[in-house]
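I have placed the structure first, in the form of structure tokens, so that the comments after it can refer back to it.
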Amino acid sequence: MNHNARLQQQYESLGVCKEVYDFGVRIEEGLKERFAALDQTAEFNQAKVLRAMQEARVSAECFQATSGYGYNDLGRDTLEAVYAKCFRGEDALVRPQITCGTHALALALLSNLRPGDELLSPVGKPYDTLEEVIGIRPSKGSLAEYRISYRQVDLLADGSLDYEGIRQAINEKTKLATIQRSKGYASRPTLSVAQIGELVAFIKRIKPDVICMVDNCYGEFVEDKEPLEVGADLIVGSLIKNPGGGLAPIGGYLAGKKECVEHAAYRLTSPGLGKEVGASLGVIQSFYQGLFLAPSVVNGALKGAIFAANLYESLGFDVLPNGSESRHDIIQAVTFRDPRAMTAFCQGIQAAAPVDAYVTPEPWAMPGYDSDVIMAAGAFVQGSSIELSADGPLKPPYTAFFQGGLTWHHAKFGIFMSLQKLYEQNLVNRDLIC
Ligand SMILES: *Cc1c(COP(=O)(O)O)cnc(C)c1O
């Protein structure tokens with residue numbers, strides 16, 4: 001029996017029928033060149049991470065757990081030097097005490113803005129959870145409560161930046177511009193690092209002292225450059241997304257200008273204490289090891305996203321980004337226009353998971369959403385979206401957001417299973433598959 005037949009049987013034993021398998025293999029064959037280009041980026045970024053670790057002199061002592069105040073925590077301080085070198089910042093703050101991406105962003109904003117300052121979002125509405133941080137939706141402790149005002153410039157109808165609107169929005173109070181790299185769960189295009197560079201240069205020409213902060217969530221290691229290399233002052237992200245490599249069990253990071261990072265450190269711990277305290281407990285080795293693996297992990301997730309885009313596009317579904325466009329984050333949206341198809345897709349992703357594969361995700365009324373939401377995730381780290389996951393609100397046009405996959409082969413299996421569920425329930429055009 002040839003290798004391909006053995007592989008097909010292996011997939012069949014996991015529940016993927018021959019028709020779905022053969023269709024997927026045809027799609028994959030068309031992606032060889034794109035995958036080779038992704039491999040090059042991963043190779044470049046692997047070297048970047050290795051160089052940062054070597055230059056920072058990472059040693060076995062760095063992995064020791066510390067407790068209490070955490071004074072002189074070698075592992076923590078060295079890791080922050082690694083992040084700073086890797087992302088080309090003057091300094092970094094990388095902590096398990098930063099609980100999630102929203103927390104890291106809130107920390108950056110609340111520490112670098114003062115009463116009377118204005119925050120600008122030149123890329124339209126920010127990520128959902130930031131609405132409460134900013135005070136667009138009222139919340140205790142929001143920027144609005146501290147008399148920090150907010151201005152937003154929406155993207156133009158074609159998804160491009162409204163440079164004239166941005167020029168008009170910048171005023172004597174503008175202190176910080178928050179630039180979200182990934183589209184997140186919106187339908188706008190994700191910004192490339194080059195586009196971020198142009199935007200930062202534009203803002204600085206108008207007002208040089210505006211702090212340009214990039215919400216880097218889902219963007220790390222997708223390209224071979226990061227936003228600090230094109231002029232941004234501060235990047236912020238979550239360790240249960242790309243840079244944690246699937247191993248970090250918690251955490252967030254900031255990297256960039258020394259002063260911006262320092263402000264955040266004084267806010268995270270306390271004025272007067274800053275970066276000097278904060279024990280790394282027992283998790284620091286996973287931060288190092290996760291960062292080391294992150295370029296490969298992001299490579300697998302990107303292959304999964306591109307495979308899903310091409311597979312579902314060829315079956316007639318709307319996909320964003322489309323099958324051929326360049327990638328700047330790891331999120332893939334697939335629009336089903338049918339609640340049953342969207343549900344089947346998510347159930348297939350769940351059925352492919354290493355953890356909780358036996359549970360069936362059902363739509364439910366999640367707090368904060370105006371419709372039922374369906375979520376598929378069988379992750380080692382709860383809520384980790386660098387692991388294979390899919391979710392979305394169950395309302396028209398029934399778009400599922402798909403992301404992650406710690407390995408390409410797992411992402412591929414997840415997509416096979418998603419299509420299998422649609423195929424079994426007759427929710428795809430079978431003529432296109434066979
Ligand atoms: C995930 C994400 C956040 C928030 O991170 P959490 O860890 O979910 O709090 C913010 N911005 C973007 C673009 C994200 O993708």
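In listed order, ligands and their atoms are each counted from 1.
- Nearest protein heavy-atom contact of atom 13 (C) of ligand 1 is Asp215 OD2, 3.4 Å.
- If you check which protein heavy atom lies closest to atom 7 (O) of ligand 1, you get Gly101 N, 2.8 Å.
- Listed by first then second residue, pairs satisfying salt bridge (charged side-chain N to carboxylate O under 4.0 Å, His left out) with a partner in residues 37-47 read Asp39-Lys303, not counting sequence neighbours.
- Using a 4.5 Å heavy-atom threshold, the side chains of Arg95 and Glu80 count as touching.
- A salt bridge links Glu118 with Arg151: the closest approach of a Lys/Arg side-chain nitrogen to an acidic carboxylate oxygen falls below 4.0 angstrom.
- Not one N or O of Cys217 is nearer than 3.5 Å to an N or O of ligand 1, by distance alone.
- The residues Arg337 and Asp318 are annotated as salt-bridged, a charged nitrogen and a carboxylate oxygen being separated by less than 4.0 angstrom.
- For ligand 1, the atoms sitting less than 4.0 Å from at least one non-hydrogen atom of Gln180 are 13 (C), numbered in the order shown with element in parentheses.
- Here's the thing with Ser182: none of its N/O atoms is less than 3.5 angstrom from an N/O atom of ligand 1.
- Considering only residues two or more places apart in sequence or on other chains, Asp356 meets the salt bridge (charged side-chain N to carboxylate O under 4.0 Å, His left out) condition with none of them.
- Within ligand 1, counting atoms from 1 as listed, the ones closer than 4.0 Å to a heavy atom of Tyr218 are 15 (O).
- Checking side-chain atoms of Arg188 against main-chain N and O of Ser182 turns up a donor-acceptor pair under 3.5 Å.
- For ligand 1, the atoms closer than 4.0 angstrom to any heavy atom of Thr102 are 4 (C), 5 (O), 6 (P), 9 (O).
- Here the side chains of Phe221 and Leu291 are in contact, with some heavy-atom distance below 4.5 Å.
- Residue contacts with ligand 1, taken as heavy atom pairs separated by less than 4.0 Å, do not involve Leu130 at all.
- Of all protein heavy atoms, the one lying nearest to atom 2 (C) of ligand 1 is Lys241 NZ, 2.3 Å.
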